[in-house]
Amino acid sequence: MESSSSPTRPERKASVFVRLTNKDDKTQIEQIHSVVNKAYRSVSDERIKVEELAEIMEDTKNPLFIAFDSENGQPLGTLQLEPAEYYLDHGEYKKEGYSPTYIESLPKDQQVFLGLFSVDPSQQSRGIGRKLVEAALKHAREDMKRTQCVVNVLYMRDELINWYKKLGFVDHGEKVPFLEESRILQEDTHFSVLRLTL
């Protein structure tokens with residue numbers, strides 16, 4: 001005889017959708033600001049101020065994508081595309097013993113950087129990061145006509161570096177310095193540079 005009780009099913013999580021930001025998102029700027037700053041745990045103060053975020057949300061040259069919960073509209077993550085010609089030059093990494101072995105020859109107007117990448121730590125394992133990156137790469141390739149995507153990742157974030165590699169990014173051994181040393185929690189903090197052909 002079959003049991004009348006059915007097995008307990010895991011709670012279904014709402015789906016995630018990603019889109020370019022628009023003027024209506026300003027009503028949720030405090031929540032978006034919170035998501036960004038909770039995601040950046042390696043800096044000693046807030047990653048970005050509300051006023052700076054408001055400017056980014058209006059910036060058409062450096063488009064910002066936002067991930068939302070499809071049921072309640074809660075902001076879950078962010079990702080900005082920054083054309084290389086507007087991207088801040090970090091200069092050369094000059095630690096003793098380091099010698100660069102790779103020099104990128106592709107013109108800057110063919111490259112685009114990923115920036116302000118954040119996912120709410122309480123919403124991990126929902127595929128939010130992947131959906132943000134996939135939407136941004138599609139936009140970079142089809143709308144911005146870029147042929148290479150670049151991302152700078154804090155060198156000690158091995159798990160994140162490996163995650164990018166699974167998406168196809170390649171680490172050629174490039175390094176660039178972290179410019180705002182007063183905001184970091186560890187000495188000799190620098191970025192590993194990863195590149196992806198679009």
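For this chain, numbers begin at 1 and follow the sequence in order. Everything quoted here is computed from the prediction, not taken from an experiment.
Hydrophobic clustering of Ile, Leu, Val, Met, Phe, Trp and Tyr side chains at less than 4.5 Å, counting indirect connections, keeps L114 apart from V35. One hydrophobic cluster holds both L81 and V119 under the rule that ILVMFWY side chains link at heavy-atom gaps under 4.5 Å. Following chains of ILVMFWY side-chain contacts shorter than 4.5 Å, one can reach M156 starting from F191, so the two form part of one hydrophobic cluster.
One N or O on the side chain of Q111 and one on the backbone of L106 form a donor-acceptor pair closer than 3.5 Å. Without hydrogens or angle criteria, Y40 side chain to F117 main chain gives a donor-acceptor distance under 3.5 Å. One N or O on the side chain of Q28 and one on the backbone of G73 form a donor-acceptor pair closer than 3.5 Å. No donor-acceptor distance shorter than 3.5 angstrom exists from the side chain of Q31 to the backbone of Q74, with no hydrogens or angles considered. Not a single donor-acceptor pair under 3.5 Å links the side chain of T21 to the backbone N or O of M57.
Pairs passing the salt bridge (charged side-chain N to carboxylate O under 4.0 Å, His left out) check and including a residue from residues 52-65, sequence neighbours excluded, read K26-E58.
Looking at residues two or more places apart in sequence or on another chain, you find a side chain to side chain donor-acceptor pair (under 3.5 Å) between K49 and E46.
V153 has its side chain out of reach of F169: every pair of non-hydrogen atoms, C-beta onward, lies at least 4.5 Å apart. At least one side-chain heavy atom of I56 sits under 4.5 Å from a side-chain heavy atom of I48.
Ring geometry, H172 versus Y102: the interplanar angle falls under 30°, so the pair is classed parallel (tilted spans 30 to 60°).
For R126 and D120, the salt-bridge test fails: no basic side-chain N is under 4.0 Å from an acidic carboxylate O. Using a 4.0 Å cut-off between charged side-chain N and carboxylate O, R146 and E85 make a salt bridge.
Minimum interatomic distance between L132 and F65 (heavy atoms only, all atoms of both residues): CD2-O, 4.0 Å. Residues P83 and M144 come closest through the heavy atom pair CG-CE, 3.6 Å.
Atom CD of E159 has 12 or fewer neighbouring heavy atoms from other residues, nucleotides or ligands inside a 6.0 Å radius.
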- request: Any chance you could lay out the side-chain contact (heavy atoms from CB on, under 4.5 Å) test for N62 and L64, step after step, and finish with the verdict?
  value: CA-CA 7 Å; N62 303 278; L64 178 69; over 6 Å; no
